[in-house]
Amino acid sequence: MPRSHPDRRPPAGDPSGEAGATLIEVLVTTLLLAMVVGALFPILTIGQQGSDYARRRQTMTQTGRVALDKLIRELRAAESFRTLASGSVVLTFNYGDGTGAAPTVQYSLNGATHNLEYRWSADYDYREQITVTAGSAVPTTSLPYAVALTFNHAALVTAGKSLASGDDVRVRYWNGSSMVELDRVLDPVVTPPSVWNNTTTKIWFPLQKAIAAAGTDNNYYLYYGNLNDANPPAYGPNVFLDYQDGSPAPGTALDGWTRRDSLGGTPYSTSAGGFVFTEPVTSNSGLYELTKNVANSDVEIFWGFWTTSNNSRGNEAGVGARLSDASVACPSGGCGYLLVPGDGNNNRFRIYYTTAWGSIGSQIGSVNAGITTSVNYYGRFDLVGSKIHGKYWQASITEPAWQVLPGSSGTWADTGVITDISASSGTHYGQIDATTVSMNHLHSTMIVRPRVADPEPATSLGVEASGARTDALTPLAGPFRSLTVACFDAAGASIPSCSPMPSVKAVQVTLVVMDASGSVPDLTLTGEALRERP
């Protein structure tokens, strides 16, 4: 059989493997490869998209869970908290941030950036700047100098901006680097009603820096708006030179008071209302006198008292100022001034200069003014330089002008003022009482504060500012669509706005996490916690 010639090509359509690829075969192969490759591209794109989706959702879950767990943990441990608005909550802890600021932290959802932001906060929802304007100079030696601020607290309560109890009302001072919270004390006079939730609420706070005559200091601020607040700083001795709030525990010591008279018996006792003086010995003649070691020169003494006596000299329940220890000028000690209501036959109000403990001394001022038994009274004894004022009034009426007029050894200066230079300063102030049998006197509140010459410093309030801080919140996590805090009582009933706070027993926080690109649907995370604190 003849062999094929080696150069011979196979005929068309020859299926033998020895034949080369035709044009059609190349085209078919190319088409098949294109179909395979074309099919692979969508498969790889879907895979990539699936991986990116899962990664984004995992990130959203982790971000939301970290933020939610932090909020739940701190809501459970917080002393108190309050919601300011949708997407904002302030927590109060029993520890601070190390700067002396109030132990609170605020979490707020920024509607523009969708970031959950936070900051340690020493602030409340509102504040008003206090400007202190001096008439006479307030020197460093008079600090802390108590000044009064009167404001319409009732309007703030009605607007839902402050507590009726006043517990959220705070006074702070900017010392150049930080806010310092000051003690503030409600004025003891209740007529006109100087009480919380009143149109003329009056508080006292201590100045922190000297002010020149006619000068001003606007570094003081009135804060309010924490509707879950409690335990404000209100320690009277931090505001005044001395402060007796009229409530020593019965049977306790006299809290620094020293008996100065040499009369017999034990005339005093303590009660829930103050110091009670009675006459235990029928033969005593003179004054019972207690003093406290508080150096004073230019001061005002405010006190409250009542009596149940109605016999001659039975209503004498007065105070002493600029009382001195024994010295060359005052050999027996006790030199100084006494102010005595109910003197004489219960119908005189007098000022005396005395040169011995327990002695009435010599009269330097007097006015006709009687005392009614079993009625609460207030009194003021004011000494600035050589000028001496005095007055007393029933607690149920409006405070009058100065009452004491010049006496036999006093000289006229201005209305209600006498002048005397017998004592310019002393190391004690006191409370004095007559010795008539059946005497029953009560000294309640006693407050001593430094004084400068009139006019005293005046205070005024600026415009209310919302959100009392200018520093920005710090981003914590995000982005989030919304933050919601819901509160429930012990029975599971909802508590709108989480107020009143003591009723809250359970808290639910809902965070809606969003994807910045919008390619992943929102993710809602919810956490609940029982409150550790009421």
Straight-line distance of Ile447 CD1 to Arg380 CZ, nearest 0.5 Å: 8.5 Å

Pairing residues for Ser425 by the side-chain contact (heavy atoms from CB on, under 4.5 Å) criterion, not counting sequence neighbours: Ser297

Pairs flagged by side chain to side chain donor-acceptor pair (under 3.5 Å) wherever residues 129-142 is involved - sequence neighbours left out: Gln129-Tyr221

Side chain proximity check, Phe151 to Ile203, heavy atoms < 4.5 angstrom: yes

Between CZ on residue Arg322 and NE2 on residue His428, distance to nearest 0.5 Å: 15.0 Å

By side-chain contact (heavy atoms from CB on, under 4.5 Å) - contacts of Lys70 (at least two apart): Arg73, Glu74, Tyr107, Leu476

Between CZ on residue Phe205 and OH on residue Tyr173, distance to nearest 0.5 Å: 11.0 Å

Side-chain ion pair, Asp298 and Lys387, N-O less than 4.0 Å: no

Salt bridge (charged side-chain N to carboxylate O under 4.0 Å, His left out) partners of residues 476-500, not counting sequence neighbours, each pair once: Arg481-Asp522

Ring-ring centroid check Phe302 Tyr378, cutoff 6.0 Å: yes

Aromatic plane relationship, Trp402 with His389 - under 30° parallel, 30 to 60° tilted, over 60° perpendicular: tilted

Donor-acceptor contact present, side-chain Asn152 to main-chain Ala155, <3.5 Å: yes

Expected output: side-chain Asp168 to main-chain Gly225 donor-acceptor under 3.5 Å: yes

Cationic tip of Arg449 above Phe240 ring, under 6.0 Å, 45° of axis: no

Distance (rounded to the nearest 0.5 Å) between Leu461 CG and Glu128 CD: 5.0 Å

Sequence neighbours excluded - salt bridge (charged side-chain N to carboxylate O under 4.0 Å, His left out) pairs with any residue from residues 150-162: Lys161-Glu464

With Ile397 via side-chain contact (heavy atoms from CB on, under 4.5 Å) - residues at least two apart: Trp393, Gln394

Under 3.5 Å: donor-acceptor pair, side chain of Asp187, backbone of Val189: yes

Distance, nearest 0.5 Å, that separates OH of Tyr337 from CZ of Phe381: 8.5 Å

Presence of salt bridge, Lys209 and Asp217, under 4.0 angstrom: no

Any Met60 side-chain heavy atom under 4.5 Å of Asp515 side chain: yes

Trp257 and Tyr429 aromatic ring geometry - parallel, tilted or perpendicular at 30°/60° bounds: perpendicular

Rounded distance [0.5 Å steps], CG in Leu525 versus OG1 in Thr63: 10.0 Å

